[in-house]
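Worksheet for the structure shown next.
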Amino acid sequence: MTQLSAAQSPAPKERAPDSSKALYGGKGTRRITVRDITAAKERGEKWPMLTAYDAMTASVFDEAGIPVMLVGDSAGNCHLGYETTVPVTLDEMAVLSAAVVRGTSRALIVADLPFGSYQEGPVQALRSATRLVKEAGVGAVKLEGGERSLAQTELLVQSGIPVMSHLGLTPQSVNTMGYRVQGRGEEAAQQLLRDAKSAEAAGAFAVVLELVPAELAAEVTRSLHIPTVGIGAGADCDAQVLVWTDMLGLTGGKMPRFVKQYANLRGVMGDAAKAFAEDVVGGAFPAAEHAVH
Ligand code: KIV
């Protein structure tokens with residue numbers, strides 16, 4: 001039998017990327033884990049994340065293939081009627097997170113640790129995160145801050161709780177920071193880079209970058225082995241997140257520039273409510289087919 005030399009052997013067929021593993025559009029039905037998120041960064045795959053605060057909405061996004069859902073403390077503004085995220089409690093997060101977990105079967109569910117539930121230190125953070133993991137069944141938690149939350153992130157990760165870190169505009173600090181673009185200027189940019197590296201070193205599996213200049217977000221994304229999840233942080237982040245009520249046009253009022261609206265649910269729901277009211281007032285509803293005999 002003759003053996004072909006390397007130079008004579010036919011070129012190996014180029015292997016198509018394994019699309020069955022894709023976070024979005026993949027074929028798997030088991031729940032996505034943080035290991036899948038790490039693998040997606042290694043493949044250079046981009047992925048979407050949406051917030052969710054209730055079982056039914058979460059089930060729609062799960063069926064649509066959204067691989068990661070965040071039970072954000074934006075629930076404060078978007079679901080619970082507060083003005084900011086600051087008043088949201090751990091009890092509220094536990095109820096909302098459990099509902100989102102029940103409504104989904106594939107997405108990785110990440111829950112925010114609300115303001116006041118981890119700032120005292122690592123032990124308080126562990127107690128709070130443990131509740132969300134045990135009672136609500138979430139697969140990971142998110143907390144705000146890089147260097148300032150280093151000890152909390154380390155203890156949670158060492159204890160087996162995956163952590164997503166949140167940098168840039170951190171809404172729980174609205175009373176000191178306001179709602180402004182973060183990381184502008186050399187010193188602020190260096191601090192953001194330090195925060196991102198410190199979150200990675202502490203064991204975080206991903207970093208949200210909120211309202212950060214696109215060039216800086218791109219630099220952070222290149223510098224980390226873990227994925228960045230952008231919101232108002234440009235196109236070069238590994239993933240993108242939007243608040244679902246903004247993305248679907250349910251939130252009223254002026255939207256930030258970084259929001260793209262994919263539907264006008266506020267209009268659809270308002271029109272449907274008016275049509276129902278007019279049918280009731282005018283006697284068109286219920287019609288004969290809606291009656292039970
Ligand atoms: O609470 C939230 O919805 C968030 C996103 C904006 C990332 O933290």
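Whatever order the structure lists ligands and atoms in, that order sets their numbers, starting from 1.
Annotation: Tyr53 places no N or O atom under 3.5 Å from an N or O atom of ligand 1; distance criterion only. Between Thr51 and ligand 1, not a single N/O pair is under 3.5 Å apart.
Only side-chain heavy atoms of Ile231 come within less than 4.0 Å of ligand 1; its backbone N, CA, C and O stay farther off. At a 4.0 Å heavy-atom cut-off, ligand 1 touches Asp73 through backbone and side chain alike.
The side chain to side chain donor-acceptor pair (under 3.5 Å) test with Thr221 is passed by exactly one of Asp238, Asp236, Thr228: Thr228.
By the 4.0 Å heavy-atom criterion, Lys142 is counted among the residues contacting ligand 1.
For the residue pair Gln191/Arg194, the side-chain donor-acceptor check at 3.5 Å is satisfied. Side-chain polar atoms of Asp54 and Thr57 form a donor-acceptor pair below 3.5 angstrom. Checking Gln172 against Asp73 by side-chain atom types alone, a donor-acceptor pair falls below 3.5 Å.
Residue, atom and distance of the protein heavy atom nearest to atom 2 (C) of ligand 1 are Ser74 OG, 3.2 Å. Closest protein heavy atom to atom 7 (C) of ligand 1: Leu70 CD2, 3.7 Å.
A distance of 9.5 Å separates NZ of Lys21 from CG of Asp36, quoted to the nearest 0.5 Å.
Glu120 CD: 12 or fewer foreign heavy atoms inside a 6.0 Å radius.
Close approach of ligand 1 to Gly72 (heavy-atom distance below 4.0 Å) involves ligand atoms 1 (O), 2 (C), 3 (O).
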